[in-house]
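In what follows, every heavy atom counts, from backbone to side chain, and hydrogens, waters and symmetry copies are set aside. Naming: A, B, ... by sequence-line order, numbering from 1 per chain.
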Amino acid sequence: MERYNHKEIEKRWQKKWKEQKLYETPDTVEGKDNFYTLVEFPYPSGNLHVGHWFAYIGPDIFARFMRMQGKNVLFPIGFDAFGLPAENAAIKRGINPREWTYSNIAYMRQQFEMMGTSLDWSREIISCDPRYYRWTQWLFLQFFKKGLAYQKETEVNWCPSCKTVLANEQVVTGVCERCGTEVEKRQMLQWNLKITDYAERLIDDLEKLDWPEEIKQAQRHWIGRSEGALLTFTIQEHNASVEIFTTRPDTLFGATYLVLAPEHTLIESLKDKITNWDEVEAYRQTARKKTDIERTALGKEKTGVELQGITALNPGTQEEISVWVADYVLSHYGTGAIMAVPAHDERDFAFAQKFNLEKVCVIEPRSLDDFTLRKMQGVSGEEKITGRAVAYWPDAGETPEHGFKREVAAILAGKSVYVGEGTLVHSGKFDGITTQEAREAITKAVGGEMKTTYKLRDWTVSRQRYWGCPIPVIHCAKCGVVPVPEHDLPVVLPEIDDFIPTGNGKSPLAKVVDWVNVKCPECGGDAERETDTLDTFVDSSWYFLRYTDPHNDKEFASRGKQEAWMPVGFYSGGAEHTTMHLLYSRFFHKVLFDLGLVADTEPYVRRMNRGLILGPDGNKMSKSKGNVIDPDDMVERLGADTVRMYLAFIGPYNEVGAYPWNPDGVVGVRRFLERVHVLVTKIAEDRKRLKDVSGGSVLIHRTVRFVTEVIGRLKFNTAVAQLMIQFNGENSEPDWRGKLNNKGEWESMEVDLMALKMFLKLLAPFAPHLAEELWYQLGNTTSVHLEPWPEYDPTLVEEEQVTIVVQVNGKTRGEFEAAQDIDETDARERALTLPTVEKWLGGKEPNKVVYVPGRLVNIVV
RNA sequence: GGGCGAGUGGCGGAACUGGUAUACGCGCACGACUCAAAAUCGUGUCCCGCAAGGGUUGAGGGUUCGAUUCCCUCCUCGCCCACCA
């Protein structure tokens, strides 16, 4: 008998499947529903690591399962091929980015094939292919025409030493990754997409999605909706005003100063009136140099400068208040200016403490409840009280009520911050009303407006990089920004040799004079091409649509083909894309919907973030740590089926866990597959042992039910466990598979052919090569992967006889066998008469008996 | 600092809507086969205890006849965000 030769088996079937085009998906199949399974397309970094395997194996199992369930399954693949690493490789090693990318893709393709994935390669897309990015450009133009793509001075990371713009990932703790120089902020004219216009819909439409709650929650936080008010403060004597945003207009009467962000334009316009301009300007300069990290890391200590010579009028109190500039106010959120209420905001409180500014308390907490007070055990037994903004220990012997009063006194005296709700005080005619009522009342009274703001900022898509999709616009001195006419698309990325940045912040493309200089499509005069390229997140914001119609050269995807497949039924990917890619592509899809280009407003029905595979030492795999598992090597030694099945077995696929690769764990799976191989091969050699019994054993039916249910929930690890139980047999069950004795010879038992076939079908999604091999060995002549998924017999899986557990006071003291549907009276009777139970009762009468039908009796004494 | 998630044997993990905690795999121990070893197969394997029995799902409290599961507090780890007015 031949040993389990995984190399030979896997290679042979991979070739056959390819010849048979087993996994090519037609757009429609008579009598079958379509189902779209998607995995984020990979970046062609060079080779597939174990993480890629893990990423694709789960969905591959699922896709194979869905196919056998009778669905016409789209499971496509492509490459997210633009991006920085290709350009870096070009600069460092003098390789052409295109060649680098395409040779990586070629290598990765054959690795994917080795995995035994059921991907449909006929629909492959590559985002750096002009046939693809032509449509990226076309879509960009649709955004532009709708006013959703615009140019604006936007902040970039600038390395003064390399004289280049840096991507966020090139800035490590505030310094340039390459040269270690401190990174500066610099304003540059950049293309942005107006995602903020869609903020509300992006939040509201989350409701209807079948996504894990934590992903939705993360997106809500990212978008960051907050309800508040815009209030206007006039600048005394200078005929100017400042608009501020606050979520707490009810605290207006406690606003004792204003703070402007260093970048606020008003500062510049009041230059003449500000008497300490030099000081102010110096502060602004320092703030500009600071990176975000510095602004926050040194962060707790507040800094700022008063704008001397100007004051503002608090529209509530009509009192003059001072105006400050401080970098704890962010220019890009709200209006870039705040009213500071030190008595009721922790940051303002800290600032006021430092600069000795007045604090006016305008809210009085009504009761303990306003503090959301909690009593708890302290270290030495005393009680600690926490409120929204306070946490303190009452003095010895003090009751919580005393502590509360003391704290209220501290708040009223301006010695403590209180950010909770309560009743207004020191607020003129508004005294006595609740903070909730006051929000709108005060806003109205001072002529402000209620306003919803979002943390979400517009999406800057300009990149000063070569290896990206060219932005299809032309700058004409006369006509301004002119879109490239659609019939001139694609704007092809020119082949160049010099990828070194220009030094003035422009993309290397700016040096390609022939390419840059064009005639204006409108006036025919001299004009220049835009030299920025698009963020790669733009490429990946619509790729799932292209898969539905990958070869279309008339449209980005025809409406009919889209509708055959969209929306994506199941989308699997990494947790790192929760707020970026997932949000961007949802935004894209909504815009396309509004343009009448797609049918749904949401692209993905179901989303799952997968876990992470760690090195054997429990750390993230990295070359420097030497804990990288090379999948090629594992496949060589153990076979793709083993690696696949081990990855399925390693932990629950639908949870964002981190699973260490255990080299010893893999051998367990390999041993299992070897046993399966030996068994089926032996049986196939000795056909007369096969017995075609109708029905199959009870165990196989239960296994079918279990595996079916669990694959649907993506708990592949338990499915594998059940397949092992099935194969090893269960003591209580008649052995379904025959048995080998110690010498590897058959005991004279017949094998249930039906059960064996069902087993191989269940195995097929996990170990597709081995299952196929054994399936043919049993005499079948068509692929196991084309078989319908086995069905279980519901009458067989229900147990008539069950074990009912008997507890006394919640502790298990015995059990008895009974019919599944035994009624309460009988169950109670049986339980009470068990000798062990009688012993534990010790003659006492039970107080109560709880009966859980078909499961347990709990006797309480 | 905030948000989200997780803590179960020596290890990865299982346990459906609260109902026999530790399935399955690894490891380990013993046994069979072998001259021997590897491989393979079999048996055992949460802890304490000779046993009867008792204890155990990060710690403490609560709800319940019954809690890994629900609630509260705390601790630890992971991820994301980080002065968002």
Discussion item. Between C1' on B/U17 and CD on A/Glu709, what's the gap in Å once rounded to a whole number?
Written reply: 12 Å
Item to complete: Considering only atom P, compute the distance from B/C70 to B/G5 and round it to an integer number of Å.
Response: 11 Å
Worksheet entry | G-U wobble or Watson-Crick pairing nucleotide for B/C16 (cut-off 3.5 Å, both distances) | none
Worksheet entry | Counter-base of B/A38, judged by Watson-Crick or G-U geometry with both distances under 3.5 Å | none
Discussion item. Looking at the base of B/C26, is there any donor atom on it, or on the side chain of A/Asp664, that sits under 3.5 Å from an acceptor on the other one?
Written reply: no
Item to complete: Go ahead and name the base partner of B/U63; Watson-Crick or wobble counts if both distances stay under 3.5 Å, otherwise write none.
Response: none
Discussion item. Please confirm whether the ring centroid of A/Tyr257 lies under 6.0 Å from the ring centroid of A/Phe355.
Written reply: no
Practice prompt. Take A/Arg813 and A/Glu838, measure what salt bridge (charged side-chain N to carboxylate O under 4.0 Å, His left out) needs, and give me the verdict at the end.
Written response: CA-CA 10 Å; A/Arg813 298 301 185 189; A/Glu838 287 186 328; over 6 Å; no
Worksheet item: Taking atom P of B/C65 as reference, at what distance in whole Å does atom CZ of A/Arg828 sit?
Response: 15 Å
Practice prompt. Check every atom of B/C83, B/A14, B/C26 against the side chain of A/Asp327 and return the nucleotide holding the closest atom.
Written response: B/C83
Item to complete: Compare the minimum distances between each of B/A85, B/A14, B/C26 and the side chain of A/Ile338, then state the nucleotide with the smallest one.
Response: B/A85
Worksheet item: Taking the side chain of A/Met724 as heavy atoms from C-beta outward, which of B/G12, B/G25, B/U20 is closest to it?
Response: B/G25
Practice prompt. For A/Leu856, report the nucleic acid contact type (base, sugar-phosphate, nothing); a contact means any heavy atom under 4.0 Å.
Written response: base
Worksheet item: Mind checking the P distance from B/C24 to B/C77? Whole angstroms is fine.
Response: 34 Å
Worksheet item: If we take the C1' atom in both B/A21 and B/G9, what is their distance in whole Å?
Response: 11 Å
Discussion item. Rounded to whole Å, please give me the gap between NZ in A/Lys451 and P in B/A85.
Written reply: 13 Å
Worksheet item: Using atom C1' of each nucleotide, how far apart are B/C65 and B/C72 to the nearest Å?
Response: 23 Å
Worksheet entry | Protein-nucleotide distance (A/Phe351, atom CZ; B/A85, atom C1'), rounded to Å | 14 Å
Worksheet item: If you check every side-chain atom of A/Val329, which of B/C24, B/C65, B/A85 has the closest atom?
Response: B/A85
Worksheet item: Which whole-number value in Å describes the distance from A/Phe706 CZ to B/A14 P?
Response: 10 Å
Worksheet entry | A/Arg607 and A/Glu40 ion-paired at < 4.0 Å | yes
Worksheet entry | Residues forming a side chain to side chain donor-acceptor pair (under 3.5 Å) with A/Lys216, sequence neighbours excluded | none
Discussion item. Distance check needed: B/C79 C1' versus A/Trp222 CH2, whole Å only.
Written reply: 14 Å
Response to the item:
Per nearest nucleotide of RNA chain B, the residue lying toward the 5' end, A/Gly657 or A/Lys848, is A/Gly657
Fill in: Presence of A/Ser226 side-chain N/O under 4.0 Å of B/A85 phosphate oxygens OP1/OP2
yes
Practice prompt. Determine: side-chain N/O of A/Asn728 to OP1/OP2 of B/G25, distance under 4.0 Å, yes or no.
Written response: yes
Worksheet item: Just checking, any donor-acceptor pair under 3.5 angstrom between side chains of A/Arg670 and A/His6?
Response: yes
Worksheet, complete the sentence: If pairing means Watson-Crick or G-U wobble with both distances under 3.5 Å, then the partner of B/U43 is B/A29
Worksheet item: Which whole number of Å gives the distance between the P atom of B/C35 and that of B/C28?
Response: 25 Å
Item to complete: Send over the distance from A/Arg813 CZ to B/G53 P, rounded to a whole Å.
Response: 8 Å
Practice prompt. Would you indicate what A/Glu655 reaches in the nucleic acid, counting non-hydrogen atoms under 4.0 angstrom: base, sugar-phosphate, or nothing?
Written response: nothing
Worksheet item: So does A/Lys811 get a side-chain nitrogen or oxygen closer than 4.0 Å to the phosphate oxygens (OP1/OP2) of B/G55?
Response: yes
Worksheet entry | Under 4.0 angstrom between A/Arg670 side-chain N/O and B/G25 OP1 or OP2 | no
Practice prompt. Using the P atom on both, measure B/G25 against B/U40 and round to a whole Å.
Written response: 14 Å
Fill in: Interatomic distance, A/Glu576 CD vs B/C81 P [rounded to whole Å]
11 Å
Worksheet item: Picking from B/A85, B/A15, B/C26, which would you name as closest to the side chain of A/Lys715?
Response: B/A15
Worksheet entry | Contact nearer the 5' end of RNA chain B, comparing A/Thr335 with A/Glu674 | A/Glu674
Worksheet item: At under 4.0 Å, does any side-chain N or O of A/Asn847 touch on OP1 or OP2 of B/C65?
Response: no
Response to the item:
Side-chain atoms of A/Val850 come closest, of B/C26, B/G12, B/C65, to B/C65
Practice prompt. Taking salt bridge (charged side-chain N to carboxylate O under 4.0 Å, His left out) as the test, write out the residues that go with A/Arg225, two or more places apart.
Written response: A/Asp204
Fill in: Integer angstrom distance from the P of B/A6 to that of B/C83
27 Å
Worksheet item: Of the nucleotides B/G27, B/A14, B/U20, which one has an atom closest to the side chain of A/Arg671?
Response: B/G27
Worksheet item: Which nucleotide in the set B/U20, B/C16, B/C65 lies at the smallest distance from any side-chain heavy atom of A/Val860?
Response: B/C65
Worksheet item: For B/U57, what is the paired nucleotide under Watson-Crick or G-U wobble rules, both distances under 3.5 Å?
Response: none
Worksheet item: Regarding A/Lys302 and the six-membered ring of A/Phe351, is the cationic atom NZ or CZ under 6.0 Å from the ring centre and inside 45° of its axis?
Response: no
Worksheet item: Just how far is it from atom OG1 of A/Thr251 to atom CD1 of A/Ile442, taken to the nearest 0.5 Å?
Response: 8.0 Å
Worksheet item: Taking the side chain of A/Tyr659 as its heavy atoms from C-beta onward, which of B/G12, B/A85, B/A14 lies nearest to it?
Response: B/G12
Worksheet item: When rounded to the nearest Å, what value does the distance between P atoms of B/C41 and B/C26 take?
Response: 10 Å
Worksheet item: Does any nucleotide pair with B/A6 by Watson-Crick or G-U wobble geometry, both distances under 3.5 Å, and what is it?
Response: B/U76
Practice prompt. Give, for atom NZ of A/Lys451 and atom OG1 of A/Thr335, the distance between the pair rounded to the nearest 0.5 Å.
Written response: 10.0 Å
Worksheet item: Glycosidic conformation of B/G66, syn or anti, with 90° from 0 as the boundary?
Response: anti
Practice prompt. Can you tell me the pairing partner of B/G1 across any strand shown, Watson-Crick or G-U wobble, with both distances under 3.5 angstrom?
Written response: B/C81
Response to the item:
Of the candidates B/C41, B/G19, B/A14, the side chain of A/Val852 sits closest to B/G19
